[in-house]
Amino acid sequence: MKEGARPFVVGLGGTTRPDSSSQRALERALAVARSLGAKTELFAGPFLAALPHYDPYEPASGGERARFMDAIRRADGVIIATPGYHGSISGLVKNALDCLEDLRDDVRPYLDGRAVGCIVAASGAQAAVSTLGALRSVVHALRGWPTPLGASLASPRLFDPEGEFCDARDAWQVEGVAQQVMAFAGLGLRAPASPV
Ligand SMILES: Cc1cc2nc3c(=O)[nH]c(=O)nc-3n(C[C@H](O)[C@H](O)[C@H](O)COP(=O)(O)O)c2cc1C
């Protein structure tokens, strides 16, 4: 990031449900990032659902997938939100992350050097926690830097009718993730170059 420039934070995640709680939590995290000076772009559930299944034999084409890749390339920070589906990341979110294979040969491959905030919404605490661990493992594999704080949300009702978190601890988790992404975004993190 150039000195004085505003950090660019990309959000991806949510589900195709009209009232997706993981997407709402992601939107809240991006709003916090904006309040701290970021520019943001959201790739939400319906966008992710329109991406084709990642196919290693099908070279990346243009269109919406290229727009998504371009945003990740330019990102100083990324925030990912997934529901817990059967104890892990949803296929929708994992497919989007698999598409980052398009960035394999970049100077800054995959999520290299990017702070990555991880948010999970699930019905129960067990899936919220196991899914957060799974998501962090994927981010590590993509050379991203998961923030120390991740959000595992498992309240019976996440948002009230006004769109506010029902539980202040959930708000604290999501806002904390966004704050940590912003704190790291300006540091210009970069992993050492691979010797091979
Ligand atoms: C296919 C499917 C599998 C799910 N599996 C789990 C699970 O293993 N554990 C859990 O606590 N909740 C599970 N849930 C509940 C979701 O994690 C929860 O409803 C989540 O908030 C949905 O995200 P959304 O509101 O963004 O759509 C599952 C829901 C669906 C639709």
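Position 1 is the first residue of the sequence; numbering continues from there. From a predicted model like this one, the values you see are computed outputs, not experimental measurements. We count ligands from 1, going down the list as the structure has it; atoms in each ligand are counted the same way.
The shortest N or O to N or O distance between Gly87 and ligand 1 is under 3.5 Å. Considering backbone and side-chain atoms together, Ser22 places an N or O closer than 3.5 Å to an N or O of ligand 1. Backbone and side-chain nitrogen or oxygen atoms of Gln23 are examined, and none is located within less than 3.5 angstrom of a nitrogen or oxygen of ligand 1. The N/O atoms of Tyr85, backbone and side chain alike, include none that comes under 3.5 Å of an N/O atom in ligand 1. The N/O atoms of Ala122, backbone and side chain alike, include none that comes under 3.5 Å of an N/O atom in ligand 1.
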- prompt: Would Glu58 and Arg65 satisfy salt bridge (charged side-chain N to carboxylate O under 4.0 Å, His left out), going step by step from the backbone distance to the final call?
  reply: CA-CA 13 Å; Glu58 191 68 44; Arg65 177 158 146 189; over 6 Å; no
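Here the heavy atom of the protein found nearest to atom 15 (C) of ligand 1 is Ser123 OG, 3.2 Å. Scanning the protein for heavy atoms near atom 11 (O) of ligand 1, the closest one is Gly124 N, 2.7 Å. Of all protein heavy atoms, the one closest to atom 21 (O) of ligand 1 is Ser21 OG, 3.1 Å. The protein heavy-atom contact nearest to atom 9 (N) of ligand 1 is Ala127 CB, 3.1 Å.
Residue contacts with ligand 1 for His86 involve both N, CA, C or O and side-chain atoms from C-beta outward (heavy atoms, distance under 4.0 Å).
Remark: among candidates Ala121, Pro83, Gly84, the nearest residue to atom 6 (C) of ligand 1 is Gly84, based on non-hydrogen atoms.
With contacts defined as side-chain heavy-atom distances shorter than 4.5 Å, the pair Leu12/Phe68 qualifies. Side-chain contact between Lys94 and Tyr54: absent, with no pair of heavy atoms (C-beta onward) separated by less than 4.5 Å.
Residue contact check for ligand 1: Gly14 places no non-hydrogen atom closer than 4.0 Å to it.
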